[in-house]
Amino acid sequence: MSKRRYWLMKSEPQVYGLDDLKADGSTYWDGVRNYQARNFMRDDMKVGDLVLYYHSNTKPPGIVGLARVSREGYPDPTQFDENSKYFDPKSTAEQPRWILVDLEYVDHFSEKVSLDALKQDADLDGMLVIRKGQRLSIQPVEPIHFHRVCELADFDASAL
DNA sequence: GCCAACGTTGGC
DNA sequence: GCCAACGTTGGC
């Protein structure tokens with residue numbers, strides 16, 4: 001088995017929160033229109049990778065639970081849909097610009113680990129999400145940081 | 001609602 | 001290829 005990677009993905013709970021993912025079971029992560037985030041989904045995210053699910057634009061922002069990559073990169077269908085706000089006229093079926101992955105629900109943390117708590121924790125120094133001005137909606141996470149976040153959430157990830 | 005910190009676009 | 005203008009993200 002290849003080495004598993006860890007990620008953090010941001011979503012606004014009023015748009016598509018972890019509760020929505022739980023209700024759906026799985027989803028395709030559409031609407032990403034940032035090349036760096038696209039590249040992660042296209043090149044690096046593999047089935048089985050674990051994802052810290054982060055709620056932004058809420059009070060307080062923070063990590064609310066876990067998801068898992070359930071399908072590797074394929075073209076985001078919304079780029080071809082003229083009625084979608086994610087429609088991209090420069091994208092073609094032969095050369096799609098935007099690639100997404102599928103995520104499946106894993107679990108909620110019993111309590112949100114707030115952004116403030118992440119910032120307070122010395123073991124999480126260097127984690128991207130706590131950096132000022134960091135807007136990237138998909139971020140790689142160091143394994144040690146991933147496990148520390150689970151620890152802060154009092155969540156046992158050893159069986160995953 | 002404000003605004004800092006980006007990323008993208010397009011004129012030149 | 002530069003960079004000003006503009007748009008977006010997201011914490012506060």
Side-chain angles (χ1 to χ4, degrees), chain A residues 5-24 27-45 49-69 73-103 105-142 144-146 148-155:
Chain A
R5 298 194 199 206
Y6 300 94
W7 306 93
L8 179 146
M9 295 171 80
K10 297 181 186 172
S11 189
E12 302 187 21
Q14 60 274 25
V15 177
Y16 194 86
L18 189 56
D19 290 337
D20 297 304
L21 182 58
K22 182 178 186 179
D24 291 344
T27 194
Y28 52 93
W29 204 252
D30 65 350
V32 171
R33 294 296 179 267
N34 169 283
Y35 288 107
Q36 223 181 326
R38 189 273 318 262
N39 292 348
F40 286 135
M41 291 198 284
R42 187 188 61 191
D43 304 332
D44 299 320
M45 298 180 81
D49 285 2
L50 290 174
V51 175
L52 299 171
Y53 202 103
Y54 180 91
H55 280 176
S56 62
N57 263 317
T58 188
K59 276 167 82 170
I63 297 165
V64 291
L66 298 181
R68 186 191 286 114
V69 177
Y74 64 100
D76 180 343
T78 64
Q79 70 194 305
F80 307 122
D81 177 3
E82 285 187 52
N83 298 315
S84 170
K85 67 170 177 171
Y86 300 124
F87 177 64
D88 185 344
K90 292 178 185 164
S91 205
T92 65
E94 293 72 30
Q95 290 209 309
R97 275 190 172 192
W98 305 110
I99 301 295
L100 51 64
V101 298
D102 286 358
L103 291 188
Y105 176 77
V106 174
D107 215 341
H108 277 75
F109 290 158
S110 53
E111 273 185 49
K112 179 191 290 180
V113 181
S114 70
L115 177 59
D116 194 52
L118 298 173
K119 287 177 175 171
Q120 299 295 327
D121 193 272
D123 292 340
L124 295 177
D125 277 0
M127 196 176 177
L128 288 176
V129 71
I130 60 181
R131 210 148 79 183
K132 184 179 158 83
Q134 179 55 67
R135 301 181 308 162
L136 194 59
S137 66
I138 300 177
Q139 305 174 358
V141 172
E142 298 293 332
I144 195 168
H145 289 160
F146 176 87
R148 179 58 181 160
V149 169
C150 289
E151 203 171 272
L152 291 175
D154 204 19
F155 183 88

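In what follows, chains are A, B, ... by sequence order, proteins preceding strands, each numbered from 1. Computation of the quantities below employed the complete heavy-atom set of this structure, encompassing side-chain atoms and omitting hydrogens, waters and symmetry-equivalent molecules. These numbers come from a predicted model, not from an experiment.
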*If the sugar-phosphate is the primed atoms plus P, OP1 and OP2 and the base is the rest, what is the B/S/- string for nucleotides 2-8 of chain B, using protein heavy atoms under 4.0 Å?*
--SBBSS
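Taking atom OH of A/Tyr54 as the reference point, atom C1' of C/dT9 lies 11 Å away to the nearest angstrom. Atoms CZ (A/Arg131) and C1' (C/dG11) sit 16 Å apart, rounded to a whole Å. Rounded to an integer number of Å, the gap from CD1 of A/Ile130 to P of C/dT9 is 22 Å. Taking atom CD1 of A/Ile63 as the reference point, atom P of C/dG11 lies 12 Å away to the nearest angstrom. Atom-to-atom, CD of A/Gln14 to C1' of C/dG10 comes out at 11 Å; the value is rounded to the nearest Å. Between A/Lys85 atom NZ and C/dT9 atom C1' the separation is 13 Å, expressed in whole Å. Per the geometry, CD belonging to A/Glu12 stands 15 Å off P belonging to C/dC12, to the nearest Å.
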*After noting the C-alpha distance and the side-chain angles of A/Trp29 and A/Tyr53, does the key distance pass the ring-ring contact (aromatic ring centres under 6.0 Å, His included) rule?*
CA-CA 12 Å; A/Trp29 204 252; A/Tyr53 202 103; 5.8 Å; yes
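Residues A/Arg135 and A/Ser56 bring no donor and acceptor atom of their side chains to less than 3.5 Å of each other. Between the side chains of A/Ser114 and A/Asp116, no donor-acceptor pair of N or O atoms lies under 3.5 Å. Side-chain polar atoms of A/Tyr74 and A/Asp102 form a donor-acceptor pair below 3.5 angstrom.
Put simply, the side chain of A/Arg97 never gets that close to the backbone of A/Lys90: no donor and acceptor are under 3.5 Å apart.
For A/Phe80, the ring-ring contact (aromatic ring centres under 6.0 Å, His included) criterion is met by no residue, not counting sequence neighbours.
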*Once Watson-Crick and G-U wobble pairs under 3.5 Å are found, how is DNA chain B written in dot-bracket notation, 5' to 3', with | for any base paired to another strand?*
||||||||||||
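A/Lys59 comes within 4.0 angstrom of no nucleic acid atom, judged by non-hydrogen atoms across all strands.
Distance check, rounded to the nearest 0.5 Å: CZ of A/Phe146 to CG of A/Leu124 gives 12.5 Å. Separation of atoms CG (A/Leu115) and OH (A/Tyr54) is listed at 4.0 Å; rounding is to 0.5 Å.
For the OP1/OP2 pair of C/dC12 and a distance below 4.0 Å, the side-chain nitrogens and oxygens of A/Lys119 include at least one atom meeting the criterion.
Results of the side chain to side chain contact (heavy atoms under 4.5 Å, CB included) test with A/Leu136 over A/Arg131, A/Lys10, A/Gln36 single out A/Gln36 as the only residue that passes.
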